[in-house]
Amino acid sequence: MGARSFERYAPFVSADMMETMREVAAATRARLGDRVLWDISSTRAGGGVAELLHGLLPYVRGAGIDARWMVIAGPPAFFRVTKGIHNALHGVADETVLSDEAREIYEQTLRDNAAQLESLVKPRDIVIAHDPQTAGLVPHLSRQGALVIWRSHIGHERPDGPVEAAWRFLAPYLADAHALVFSREAYVPAHVDRGRSVVLPPSVDIFSPKNQPMDDDVARAICVHTGIIEAPPGPCGCTFTRADGSPGRVDRAADVIRLGRAPSWDTPIVTQISRWDALKDAVGVLRGFARLLEPYAPGDAHLVLAGPDVDAVADDPEGAFVFADVMAAWRELPQHQRHRVHLVMLPMTDLDENAAIVNALQRHSRVVVQKSLHEGFGLTVTEAMWKGRPVVASAVGGIQDQIRSLRDGVLLGDPADLDGFADALRTVLADPELAARLGASAKERVRDNYLGLHSLLRYARVVERIDSAAAGAS
Ligand code: UDP
């Protein structure tokens, strides 16, 4: 893992924020001395936690702090147990969290991992352990004298039934944590005393292939090359900068299901980009958009529903089923509506390339939608907001924190209200000034709250808090 200077953020944030960051970095460096800041997660690649850590840790190291990232190991049975906990925390009933045998597998695996960590983690080191996979390490690390922060990236607003059962499974391990971090206030479980809990929303890495600045001409070249739109080739190639800093190029095309021609460069596009997951409600987006088309859509808008190539995600069989549902709903549309809806599967072989296509498509969209039925936080919303796009999204989960309705986007009170969805789209599409105002405010909202720099500052404050408390206690 490399080191990078956070000074890179200077052109994007206020001088005050950079000054605060410099002070906080110096104070944290002085406070930690030669102590190590560990992050422990269950995978180095794939998934939101890995993406987040790749985007943050280089800056911690660049600030002169010895930050290291450890990944736990375990047999498939362990990951079946943690998947069960994950499902239950999302509100999906799962027997795993009730089973003694599952607890035994969970504890045994984490005992083995703790034994490995014993020689590495020193007393007063700071450890940030991520998600249910690592919770069982907390008592071991804490006994060794480390200061432990446990970070949940998952949450549910209604902590009953399966969610409560999952928290009951995890609670004994979390008792020894010095701080517990959640993405939203509503996700803090009842048993956690508020003095130990911290709310710290996720952030986006604005230098990653998905969010880095991209000229219109490049976005256009990528949308044309992948087959999402049709236009004469412009002067630019499909170039971007990879996560490791090397030059990249979009070579692959998307797999597009459509009737007739691709939309032209001037056609306003409404886009939802998501995994093919029933909770993202792509079928609802399609049906709501069909209502917008009657009697006519402002600017003759088209809809793009995009997500990963379902064949490429072998471990997500649900994706193929959901995509089949979306296709069936598309076939049911009358022909004149079907012409206006494009189903797009993005290539997944090269994740940087996939991210660059998402970047281009979000930038080219007139409106980005996220009509989820449930959402932990909603990174697609932050990503589109950072690109100055007006977003129409359901008032669920973390989306409610990000968007102040009619200021930074439009919130749909009831995600199942398809007429309300169509009305919101009509309003934004028909009023370019409103769209520009919402987009500009959205970008400011992310600049003020959801950049990697914010996460660094917020984590530094948590470290300061638990470290001074521990120093006071000893
Ligand atoms: N995403 C992607 N390629 C796709 C579809 C989605 O890179 O084909 C990304 C999207 O840009 C976002 C993430 O997957 O960064 C989804 O995060 P979000 O919080 O919106 O939803 P989740 O999938 O975690 O439920």
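In listed order, ligands and their atoms are each counted from 1.
With sequence neighbours excluded, no residue satisfies side chain to side chain donor-acceptor pair (under 3.5 Å) with Arg461. In this structure Phe240 satisfies the ring pair (Phe, Tyr, Trp, His ring centres under 6.0 Å) test with no other residue, sequence neighbours excluded. Under the rule for a side chain to side chain donor-acceptor pair (under 3.5 Å), the partners of Arg258 that lie at least two apart in sequence or sit in another chain are His342.
Using a 3.5 Å distance cut-off with no hydrogens or angles, the side chains of Gln370 and Thr380 do pair a donor with an acceptor.
Ion pair Glu383/Arg363 not flagged as a salt bridge, since none of the NZ, NE, NH1 or NH2 atoms sits closer than 4.0 Å to an Asp/Glu carboxylate oxygen.
Within 4.0 Å of ligand 1, heavy atoms belong to protein residues Lys210, Ile273, Ser274, Arg275, Lys280, Gly307, Pro308, Leu346, Asn354, Val358, Glu375, Gly378, Leu379, Thr380, Glu383.
In this structure, CZ in Arg404 is found 11.0 Å from CG in Leu411, a value given to the nearest 0.5 Å.
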